[in-house]
Structure formats: structure tokens, C-alpha cells
Amino acid sequence: MVRLALNLHVNNVTSGEPLVVGTTTDDADVIVVGAGPAGSAAAFHCASAGLDVLLLEKAEFPRDKVCGDGLTPRAVAELVRMGLPLREQDGWIRNQGLRVLGGGHRLELPWPELSSYPSFGLAKARMSLDHTLASHARSAGAKLLERTSVTGPVRDERTGRVVGVTARPVDGSGHKAGDEVVYRAPVVIAADGVSTRLATAAGRTKRDDRPMGVAVRTYFRTPRHDDPWMESHLELWDGEPQRSNLMPGYGWIFSLGDGTANVGLGSVSSTAAATKVDYKSLFAAWMRNAPAEWEFTPENQVGPVRGAALPMGFNRGPLYGNGLMLAGDSAGMISPFNGEGIAYGLQAGRVAADAIAQGLARGTAAGRERAFATYQGRMKDDLGGYYTLGRVFVRLIEHPEVMRVCTRYGLPRPLLMKFVLKLLSDCYEPRGGDMVDRVIAGLARIAPAA
């Protein structure tokens, strides 16, 4: 393990003096708070690089998270990098593209054939996915502590730098089950989701000028549980389609291959202003008129309708500063285009781990900080322009009349839909590719970074 002292030499980041071991040692090279996709990916990649990793999770696996459970090819590419077996017998179901319904049209759009990403997506319930990822991190050498609730950051008294966390054991209901303890490390990753209490306690406030989504979902037993397409409903009707009232938002049906499908709806706002829409009532109205072949009846529903906020477009930052990195939902890394966060959480974990491994190999505190800071630069360079385009997209589709025109007249045009699929799914060649790839990549490069 790379042992770094929590002393003057470590915390004076402008010093060119060598890092030395003092009388106080750390509990790990890196502490990761939250074992969702971002946290487990960070823990896996750090452990694979030979670092001593402490992964803290407040719940006990398996545990549930509100999510659509669908993974685009971009997310699949990250899972492949982690060496995960993606076989059907391991609980994964492949999908070949997106089925889009809207404006009286029904289109099936295969995932594009690209060199950068595989041409298939996946689905796996978060109850199983997060457990799989955390176990994979542990198998790589990360130490996973479940039922451990992080209560706040530990700061160096002189510099204010984050040098660890305080935590306490909790029972299955989240109630205190022991005394508070302190864990120390040279760097801490906050991957604790939407609530991101650690980042908030460290003074990282969210930006209200970034998009915010809301989603609700449940599960249904269905004979179409092995449907090979991820289905997206761009219009939600409170009665018979095309002959009733159009409701706000969009819907999805993602088959899980285990006898069930994840069914949900969501909407997005260009700002973080609170919404007064009753999404559960909208969901109930949509389900009363859902396609009969799916058999989404009350007796086939599995579990309650649950909701969650979707922070988007880098709505909290900086992504690194003063010993603390933010990854996944804690940094608002959900795409404004499609509401996906898993792909970006996995990517953030990988990039953060690389920056940490490079930083801990440096011989001076200043060198370490320069390496840690590359995390924000790499994430913003890759996603900043794309997220900015997403903010423009959200401002447009907020207006129902705009969305209605785009759906009715845009869906029948193959070239336009190829462009939309690649743009919305973030599956395009960043360099080279066909004309559509080059247009999207060019737009992302010239857009101001988010």
C-alpha cells in the first residue's frame, strides 16, 4: 500500500518537498463512499492498480435503487473494460436497439456498428447489477464495508483538506448500530448518489441552472420479458393513444429476461426548480392504457412505484478539489439527453482511479495534486460539450408543442432518426466515423464545456 502521512508535507500542496511517512498512517490509499456503479468501478480500477481501497456502503447487498435498468453500448464498453462476464446465465439480457413509439409511428432502431462501442445494449435490475459490481471490486482486492453510513468529511486542521471520513455502523433499517469511527486516506471519492451528503458537507453546492429530471418506475411480470428491444414511448396518453389527452414526460419498457420488465416514466426540466407534477398518478393513467400484449395489470405488478431525482449535466462541482473527488450522481453526471447515468458513473470511476494511481506515485505533494486534478479535466473534455448540447435539447423539448412536432414529422425520416439515436444514446465515433458521427462530434467540440 502507498502509505502517505497526514502531516505538513502531505497537506501543503504547493510544497516541492518529498512526501514522507509520519507518525500517523492512513487506513487506505483511497476511500470510496458509495458502492453504486461509480463507486464500485472506482474501487475496482484502484484495486486493480495495486492500491489499498476502502469501499463504504450504507446498505447491505443486495439492495435496490430506482433506475431504468437499461444499459446503452457506452455502458457495456465500460463493463467489458472491467472484465465482467456478460453472459445470459449471469443474469444479463442483451438488446439490439431502441424501439421508438410516438406521433403515430413505431420504429426499431438498431444500435450502430462502431469501433468505439459494441453494437448491443444490456439490461439487468439494479438489485443485481450493483451487487455484481461491488463483488467484482472486492474480488479485485477492495475492502467492502456494508452497513456503514458516512456521516461527514474529516479535514486537516491547518489546511482544510479532506483527509478521510467519519462513519458509523447501521442496522438493516439504517439506524445507528455502533459508535462513530474515523477512516483516513490521501484522497476520498464521493460516489454516494443523488443525496451526496458527503459532497454537501464538504461545501460542494449544486447548480440550479443545470437540468434536473424526475423518474418513477416499477416492475411487471410479462410474457414479453425477453423482448430484444428497449422500448421508448415519446408520448404518454391518459386514454386511447392519439384520441385522448397528452401527458407530460416520456415512458420506457425495458425487458429484463427474468420474467419481468422495468416500466417507468420520467420528465426533465432545464433548471433544478421543484416540480409539482404527480408522476405516480401519471404512471397509473399510462398503465391503464398500456399495450395489452405486455399484460401490465395490477396483479402482475411486482413492488411499488418508486421515484428518484436525476441530477444532470455536471450540476455539482468541482469534480476534484482539496482531497475530494465527486463521481456519478453526486456530481450530476446523468445525461440530459436520455437520463442515463450508469455509463458515466462507470467512466468516472475508471478515470478517477487512473488519476489517483498517477497522483499517489508522485514524489511531491504538488505533483500529486496536479495528477489528481486531471480527473476533472478529462471528464469535462470528454463530456462537457455533449452535456451543453443536452441542456439546449432540454430547453427545446420542455415545450410540448415542440416535442409534438418533432415526434410527428421527425420520426419517419431515417437519416434524421439515425442522427437522433446516436446523439441521444451518446453512441457515436468521437473521431472519424460517418457523416453523422462527424457532425455530432463537431457540435460537441464547439459547444462550451458544461
Side-chain angles (χ1 to χ4, degrees), residues 2 4 9-19 26 28-34 37-53 74 77-78 81-82 116 142 153 159-163 185-191 196 198-199 202 204 313-333 343-388 426 430-431 441 444-445 447-450:
V2 181
L4 299 178
H9 296 299
V10 170
N11 294 297
N12 181 6
V13 299
T14 63
S15 173
E17 299 180 26
L19 295 168
D26 301 320
D29 294 323
V30 55
I31 293 171
V32 183
V33 180
S40 289
F44 168 80
H45 288 291
C46 282
S48 298
L51 303 182
D52 195 343
V53 184
R74 188 180 182 106
E78 293 293 339
R81 289 187 181 98
M82 294 175 68
S116 300
T159 65
R161 176 187 171 83
V162 174
V163 293
V187 63
V188 176
I189 299 177
T196 191
L198 181 60
R204 309 284 175 89
F314 290 137
N315 80 328
R316 194 182 301 268
L319 302 185
Y320 174 73
N322 224 18
L324 181 66
M325 290 184 177
L326 310 186
D329 289 1
S330 69
M333 290 184 178
Y344 307 105
L346 294 172
Q347 176 184 348
R350 170 173 55 83
V351 176
D354 183 63
I356 291 169
Q358 293 295 332
L360 294 182
R362 299 295 194 266
T364 66
R368 177 197 62 186
E369 291 302 304
R370 282 193 295 269
F372 287 173
T374 63
Y375 167 62
Q376 170 161 303
R378 289 173 63 185
M379 293 301 295
K380 291 292 186 78
D381 286 348
D382 189 42
L383 299 174
Y386 179 73
Y387 282 172
T388 296
D426 198 7
R431 294 174 182 81
R445 281 194 294 269

Asks: Mind running side chain to side chain contact (heavy atoms under 4.5 Å, CB included) on V188 and L198 for me, showing each step along the way?
Replies: CA-CA 10 Å; V188 176; L198 181 60; 3.9 Å; yes
Asks: Answer with yes or no after comparing the ring centroid distance for F314 and Y387 against a 6.0 Å cut-off, counting only values under it.
Replies: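 Aromatic pair counts; centres sit under 6.0 Å.
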Asks: Is the shortest side-chain heavy-atom distance between L319 and M333 below 4.5 Å?
Replies: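 Yes, side chains in contact.
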Asks: Check M82 against A41 and note the closest heavy-atom contact, atom names and distance.
Replies: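 For M82 versus A41, the nearest heavy atoms are CE-CA, 4.0 Å.
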Asks: List in chain and number order the residues that pass side chain to side chain donor-acceptor pair (under 3.5 Å) with D354, two or more places apart in sequence or in another chain; answer none if no residue qualifies.
Replies: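 Testing D354 for side chain to side chain donor-acceptor pair (under 3.5 Å), a comparison that skips the adjacent residues, returns R378.
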Asks: How close do A371 and A355 get, counting heavy atoms only, and between which atoms?
Replies: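 It is O-CB, 3.6 Å.
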Asks: Yes or no on side chain to side chain contact (heavy atoms under 4.5 Å, CB included) for Q358 and T374, after CA distance, side-chain angles and deciding distance?
Replies: CA-CA 10 Å; Q358 293 295 332; T374 63; over 6 Å; no
Asks: Please round to the nearest 0.5 Å and tell me the distance separating atom NE2 of H45 and atom OG of S40.
Replies: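 With rounding to 0.5 Å, NE2 (H45) is 10.5 Å from OG (S40).
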Asks: With a 4.5 Å limit on heavy-atom distance, are the side chains of Q347 and M379 in contact?
Replies: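 The answer is yes; the side chains approach within 4.5 Å.
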Asks: Specify the closest pair of heavy atoms between A28 and P186, including all atoms of both residues, with the distance to one decimal.
Replies: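 Heavy-atom minimum between the residues: O-CD, 3.3 Å.
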Asks: Less than 4.5 Å apart, side chain to side chain, heavy atoms only: is that true for V30 and L360?
Replies: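 In short, these two side chains do not touch, never coming nearer than 4.5 Å.
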Asks: Would you name the heavy atoms of A185 and I31 that are closest together and state the gap between them?
Replies: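 Nearest heavy atoms, A185 then I31: CB-CG1, 3.6 Å.
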Asks: Side chains of D29 and I356: closer than 4.5 Å at any heavy-atom pair?
Replies: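 Answer no - side chains too far apart.
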Asks: Can you name the side chain to side chain donor-acceptor pair (under 3.5 Å) partners of Y344, sequence neighbours left out?
Replies: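 Side chain to side chain donor-acceptor pair (under 3.5 Å) check on Y344 returns D426.
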Asks: Would you please name every residue forming a salt bridge (charged side-chain N to carboxylate O under 4.0 Å, His left out) with R204, sequence neighbours left out?
Replies: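 For R204 there are no salt bridge (charged side-chain N to carboxylate O under 4.0 Å, His left out) partners, ignoring immediate neighbours.
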Asks: Return the minimal non-hydrogen interatomic distance between A327 and S330, and the atom names on each side.
Replies: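 For A327 versus S330, the nearest heavy atoms are O-OG, 2.9 Å.
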Asks: Among residues at least two apart in sequence or on other chains, which ones pass salt bridge (charged side-chain N to carboxylate O under 4.0 Å, His left out) with D382?
Replies: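 For D382 the salt bridge (charged side-chain N to carboxylate O under 4.0 Å, His left out) partners, ignoring immediate neighbours, are R74.
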Asks: Measuring from I189:CD1 to Y320:OH, what's the distance to the nearest 0.5 Å?
Replies: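 So the gap between those two atoms works out to 11.0 Å.
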Asks: For the backbone of A447 and the side chain of T388, can you confirm whether one donor and one acceptor N or O come within less than 3.5 Å of each other?
Replies: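 Side chain of T388 to backbone of A447: no pair is present.
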Asks: When rounded to the nearest 0.5 angstrom, what is the spacing between CG in D26 and CG in D52?
Replies: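 Nearest 0.5 Å value for the CG-CG distance: 9.5 Å.
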Asks: For R81, give me all partners under salt bridge (charged side-chain N to carboxylate O under 4.0 Å, His left out), at least two apart in sequence or on another chain.
Replies: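 Salt bridge (charged side-chain N to carboxylate O under 4.0 Å, His left out) list for R81, sorted by chain: E78.
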Asks: Donor-acceptor pair, distance only, cut-off 3.5 Å: does the side chain of R350 make one with the backbone of L346?
Replies: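 Looks like no, no N/O pair under 3.5 Å.
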Asks: Look up atom CD in E369 and atom OG1 in T364, then write down how far apart they are to the nearest 0.5 Å.
Replies: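 Rounded to the nearest 0.5 Å, the CD-OG1 separation comes out at 9.5 Å.
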Asks: At their closest point, which heavy atom of L326 faces which heavy atom of A331, and how far apart are they?
Replies: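 Closest approach of L326 to A331, heavy atoms only: CB-CB, 3.8 Å.
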Asks: Using the side chain to side chain donor-acceptor pair (under 3.5 Å) criterion, which residues pair with R445? Sequence neighbours excluded.
Replies: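 Residues passing side chain to side chain donor-acceptor pair (under 3.5 Å) with R445: none at all.
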